[in-house]
2 protein chains.
Amino acid sequence: MRKKQSSNYINEQFLFETCERNSAISIVSGRWKSQIIYYISQGHNRFHLLKQQLPAISETVLARQLKELEAHAILVKREIADTVPTGVKYLLTNKGWDLVPILDSLCNWGKVYADGKEIFVPADPKLVQ
Amino acid sequence: MRKKQSSNYINEQFLFETCERNSAISIVSGRWKSQIIYYISQGHNRFHLLKQQLPAISETVLARQLKELEAHAILVKREIADTVPTGVKYLLTNKGWDLVPILDSLCNWGKVYADGKEIFVPADPKLVQ
DNA sequence: AATGGGGCTAACAATTTTGTTAGTCATTGT
DNA sequence: ACAATGACTAACAAAATTGTTAGCCCCATT
């Protein structure tokens, strides 16, 4: 549980109020989260399927991350009728789907520089330096 | 210092190797980081200017975040000649500048849903916009 | 009767991140 | 003589996140 009177919490709230960028990043930045969103978008939308894709994750941790994504309305949990034991699927909402291309562009940004794109300081990116 | 033999570290490495998306997010997800990138992109590229924009940050913390961004080549530090006390400016690299529009789109994503865009589970995800 | 899904939860421990305190340095203005 | 400025750093403390352990439930199959 977060301590509402801590500097840590207060600073986080300040950033959330300054710009939605900060809340957005905090939603996707938990361990495993963006990878979970990606796998669900690819159709691996069951608890056990996600476990298969992420062999090192524990069930406790996976359940926790899914619950947090659900709390931010990135996904919803749906029981699958007439399954024994009860099956559950995780479906991205439109809010979750909208995130997918943005995460893709982050992925691509990372790849380009990991693949050796030259890094330099632009001479004059905005006519102010 | 990170413990290289901890599960925490090993899992992080696993995600980094799985997709650059995960390293990319980890670069921008530290407290204050995306906001610092934004302010530098807007021309607030001095230590004391960033402090003005982020009144609650401590100098220790600001210096730490800047050093981490520098380690990831998002920005570089440049001494300003003939200043007393020594002035320093922080310049985004092309890698840093490339991040700016992606952070903008995250910001916009957050805003749209904060402003009340309806959230639902798309019947057919391919039709979502 | 025991095992194996499938999908969890609570309590706790380990690790990591963030924030605090108290300095430094070299010069200029009062 | 002394404070102020700009830009830090080391050592430590607080808080948050992540991972571990040990369980639960319900039904089907061996």
Side-chain angles (χ1 to χ4, degrees), chain A residues 1-15 22 25-33 35-36 44-52 54-71 75 77-90, chain B residues 1-15 22 25-33 35-36 40 44-52 54-71 75-90:
Chain A
M1 266 306 121
R2 309 207 71 188
K3 300 211 170 163
K4 303 232 167 91
Q5 78 289 13
S6 70
S7 295
N8 189 309
Y9 182 81
I10 291 166
N11 287 340
E12 190 179 52
Q13 292 304 308
F14 166 80
L15 287 167
N22 299 297
I25 289 173
S26 103
I27 289 172
V28 296
S29 69
R31 179 68 47 86
W32 314 101
K33 287 219 182 72
Q35 204 57 40
I36 289 172
H44 302 103
N45 61 357
R46 302 283 304 268
F47 196 88
H48 67 280
L49 294 175
L50 290 166
K51 258 174 59 185
Q52 275 170 29
L54 301 166
I57 202 173
S58 79
E59 301 191 353
T60 307
V61 171
L62 177 54
R64 190 154 61 207
Q65 302 300 317
L66 285 166
K67 196 175 276 191
E68 288 169 13
L69 289 169
E70 202 189 354
L75 50 81
K77 215 194 306 197
R78 284 271 169 85
E79 292 215 350
I80 304 171
D82 305 321
T83 45
V84 148
T86 322
V88 168
K89 58 183 176 184
Y90 293 93
Chain B
M1 266 304 121
R2 310 206 69 189
K3 300 210 169 162
K4 303 232 166 90
Q5 77 288 13
S6 70
S7 295
N8 189 309
Y9 181 82
I10 291 166
N11 287 341
E12 190 180 52
Q13 292 304 308
F14 166 80
L15 287 167
N22 299 296
I25 289 172
S26 104
I27 289 171
V28 295
S29 70
R31 179 70 46 87
W32 313 101
K33 286 219 181 73
Q35 205 57 39
I36 289 172
I40 294 179
H44 302 103
N45 60 358
R46 302 282 305 267
F47 196 88
H48 67 280
L49 294 176
L50 290 165
K51 256 174 59 184
Q52 275 170 28
L54 301 166
I57 202 171
S58 78
E59 301 191 352
T60 309
V61 170
L62 176 54
R64 191 154 62 206
Q65 301 301 316
L66 285 167
K67 196 175 274 190
E68 287 169 13
L69 289 170
E70 201 189 355
L75 49 81
V76 297
K77 214 192 309 196
R78 285 271 169 84
E79 292 216 351
I80 304 171
D82 304 323
T83 46
V84 147
T86 321
V88 167
K89 58 183 173 180
Y90 294 94

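Since the model is a prediction, treat every value here as computed from it, not as a measurement. Throughout, a chain's letter reflects where its sequence line sits, starting with A, and its residues are numbered from 1.
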Side-chain N or O of K77(B) versus OP1/OP2 of dA7(D): is the shortest distance under 4.0 Å?
no

With a non-hydrogen cut-off below 4.0 angstrom, is K51(A) in contact with a base, only sugar-phosphate, or nothing?
nothing

Of all residues at least two apart in sequence or in a different chain, which pass the side-chain hydrogen bond (donor to acceptor under 3.5 Å, both in side chains) check with K51(A)?
E59(A)

How long is the line joining CG of L66(B) and C1' of dA7(D), in whole Å?
11 Å

Please write out the pairs of protein N or O atoms and N or O atoms of nucleotides 12-20 of chain C separated by less than 3.5 Å, giving the distance to one decimal.
from	atom 1	to	atom 2	distance (Å)
dT15(C)	O3'	S6(B)	OG	3.4
dT16(C)	OP1	K3(B)	N	3.3
dT16(C)	OP1	S6(B)	OG	3.1
dT16(C)	OP2	K3(B)	N	3.0
dT18(C)	OP1	R31(B)	N	3.0
dT18(C)	O3'	R31(B)	NH1	3.4
dG19(C)	OP1	N11(A)	ND2	2.5
dG19(C)	OP1	R31(B)	NH1	3.2
dG19(C)	OP2	W32(B)	NE1	2.9
dG19(C)	O3'	S7(A)	OG	3.4
dG19(C)	N7	R64(B)	NH2	2.4
dG19(C)	O6	R64(B)	NH1	3.2
dT20(C)	OP1	S7(A)	OG	2.7

Could you go through the side-chain hydrogen bond (donor to acceptor under 3.5 Å, both in side chains) check for N8(A) and R31(B) one step at a time?
CA-CA 9 Å; N8(A) 189 309; R31(B) 179 70 46 87; 3.1 Å; yes

Residues in side-chain hydrogen bond (donor to acceptor under 3.5 Å, both in side chains) with R46(B), at least two apart?
none

For E68(B), give me all partners under side-chain hydrogen bond (donor to acceptor under 3.5 Å, both in side chains), at least two apart in sequence or on another chain.
K33(B)

Interatomic distance where NE2 belongs to H48(A) and P belongs to dG4(C) [whole Å]
17 Å

Send over the distance from L50(A) CG to dC8(C) C1', rounded to a whole Å.
14 Å

How sharply is the helix from dA1(C)-dT30(D) to dT30(C)-dA1(D) bent, taking the axes over five pairs at either end and rounding to 10 degrees?
30°

I need a per-nucleotide contact map over nucleotides 23-30 of chain C, read 5' to 3'. Cutoff is protein heavy atoms under 4.0 Å; write B for the base, S for backbone only, - otherwise.
----SS--

Checking Q52(B) now: which residues fulfil side-chain contact (heavy atoms from CB on, under 4.5 Å) with it, not counting sequence neighbours?
H48(B), L49(B)

Results of side-chain contact (heavy atoms from CB on, under 4.5 Å) for A63(B) - residues two or more places apart only
F47(B)

Could you list the residues that satisfy side-chain contact (heavy atoms from CB on, under 4.5 Å) with V88(A), not counting sequence neighbours?
K77(A), Y90(A)

Could you tell me whether K89(A) contacts a base, only the sugar-phosphate backbone, or nothing, with contacts defined as non-hydrogen atoms closer than 4.0 Å?
nothing

Holding to side-chain contact (heavy atoms from CB on, under 4.5 Å), I want the full list of residues that pass it with T86(A), two or more places apart in sequence or in another chain.
E79(A)

Between CG of L50(A) and CG of L66(A), what distance do you get to the nearest 0.5 Å?
6.0 Å

Interatomic distance, R46(A) CZ vs dG7(C) C1' [rounded to whole Å]
10 Å

